[in-house]
Amino acid sequence: MNHDRGPNAEWRARSLRAVWHPCTQMKLHEQGQPLLPVARAEGAWLFDHEGRRVLDGLSSWWVNLFGHNHPAIRDALVEQLHTLDHVMLAGCTHAPVVELSERLGALTGLGHAFYGSDGASATEIALKMSAHHWRNRGRPGKCRFVGLAGGYHGETVGALAVTDIALFREAYAPLVRLAATVASPDARGAEPGETARDVALRAAAVLETWLDEHHADTAALIVEPLIQCAAGMAMHHPEYLRRARALCDRYEVHLVVDEIATGFGRTGTLFAHQQAGIRPDLICLSKGLTGGTLPLSAVLCTDAVYEAFYDDHVARGFLHSHSYTGNPLACRAALAVLDLFESTQALERNVQTAQRLDAAFAPLNAHARVRHARRLGMVWAWDVADAPADFSRRYHRHALEHGLLLRPIGATMYAMPPYVIDDEGIEHLARGSLAALDATLAES
Ligand SMILES: *Cc1c(COP(=O)(O)O)cnc(C)c1O
């Protein structure tokens with residue numbers, strides 16, 4: 001890679017002057033951590049301005065499902081663009097938002113889809129909806145929230161209240177009305193002899209104790225079902241969700257499942273909570289919803305939640321909005337994504353794709369420094385023992401040199417490839433992941 005001249009270097013330099021990049025200490029980009037300038041993308045691959053290709057090993061922050069530039073999604077968007085670009089959704093309606101809401105309702109068993117533009121706004125919507133529901137039911141005291149240790153639900157001020165990641169929250173602590181956190185059912189916390197289910201039961205007992213004491217002022221429990229992704233792909237047994245459901249029923253607390261990262265087939269089922277056979281009170285969707293093409297989020301709820309707002313008084317309604325709520329283009333993209341799940345039998349195909357990836361990752365699983373090699377659906381993760389400080393940044397750089405876009409979370413490496421990854425991509429991902437690990441460890 002030539003960092004000094006050529007179109008890549010020029011875009012890097014202009015970006016650093018004009019763009020404030022997310023979740024980034026900008027100064028590090030001037031110290032051996034070059035930006036990846038992406039000129040175009042196709043399938044699982046990103047291409048820079050000099051024609052070099054990089055495999056998108058984390059589906060561009062978990063949003064991409066069927067690869068970049070998918071012709072079916074692109075065609076649907078182009079057609080929609082020729083028909084209706086956008087119209088406000090208060091007082092107006094349109095086919096894409098109606099059709100999408102009907103289909104999401106049928107798929108989730110919930111109803112009345114409320115739209116936002118990104119994951120954090122879905123979290124905000126769900127929290128406000130839950131607390132306002134209890135207020136409308138004459139129980140305004142039920143307005144606090146509880147989440148899991150290490151939980152991540154977005155980074156706006158409201159969402160940070162339930163995001164238990166110190167690095168993201170510390171600087172804003174005075175702004176945030178902090179929610180309570182209870183023990184995570186993270187299966188890595190197993191004591192010798194304990195199963196993942198045992199850990200789930202232990203964590204559920206903690207939740208029970210907590211709810212027993214605090215249910216009177218608690219509106220909702222919010223959980224990322226089966227995988228707490230930002231916590232480092234912390235996976236748990238579905239029994240936790242069954243217990244949480246039963247406890248929420250007993251203590252009259254909403255169960256909000258945040259499927260922003262786990263939804264749309266990532267964990268093997270269309271939605272992760274389905275593996276526990278439960279029905280949440282509210283569900284948050286985003287990320288894969290549009291297959292990684294446009295920002296869109298949705299919150300769906302039970303009729304019981306909806307009915308608490310249905311009234312003659314305006315103020316009892318859910319008076320929340322975003323300018324682009326229900327954007328027709330984004331909804332049309334989401335409809336094309338749902339069509340692709342059906343026409344390509346994506347969930348069935350992913351079972352086979354995952355098996356091929358499992359085989360390719362076997363040497364990485366067996367690496368002497370790897371602990372807790374794990375996989376659920378189309379998510380792989382490995383913890384690196386005695387990882388050097390700034391492992392993530394170093395690994396990211398070595399991965400790029402091997403033609404891979406990967407960003408470990410702390411000392412946890414993970415892969416979340418687009419579902420369309422082919423055998424060549426699988427080999428490239430598995431070999432490169434291992435080579436980047438060895439290069440990172442050799443350096444320190
Ligand atoms: C990414 C994520 C969010 C936040 O979504 P944004 O679109 O980044 O605001 C919320 N919850 C979970 C589980 C996520 O993974």
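No hydrogens, no waters, no symmetry mates; every other heavy atom, side chains included, goes into these values. Counting starts at 1 for both ligands and their atoms, in listed order.
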### Task
Using the six-membered ring wherever Trp is involved, compare the ring planes of Tyr419 and Phe341 and label them parallel, tilted or perpendicular (cut-offs 30° and 60°).
perpendicular
### Query
If you look only at pairs with a residue in residues 271-280, which of them pass as a side chain to side chain donor-acceptor pair (under 3.5 Å), with sequence neighbours excluded?
Glu259-His273, Thr267-Gln275, Thr269-Gln275
### Query
In terms of ring plane angle, is the pair Phe318 and His320 parallel, tilted or perpendicular, where the classes change at 30° and 60°?
parallel
### Summary
By chain and number, the residues contacting ligand 1 below 4.0 angstrom (heavy atoms only) are Trp62, Asp118, Gly119, Ala120, Tyr152, His153, Gly154, Glu224, Asp258, Ile260, Ala261, Lys287
### Message
Against Cys331, only a single residue in Leu289, Leu100, Leu294 fulfils side-chain contact (heavy atoms from CB on, under 4.5 Å); can you say which?
### Response
Leu100
### Message
Can you confirm if the aromatic rings of Tyr324 and Tyr115 lie within a centre distance of less than 6.0 Å?
### Response
no
### Query
Using 30° and 60° as the class limits, which term best fits the ring planes of Phe361 and Trp382: parallel, tilted or perpendicular?
perpendicular
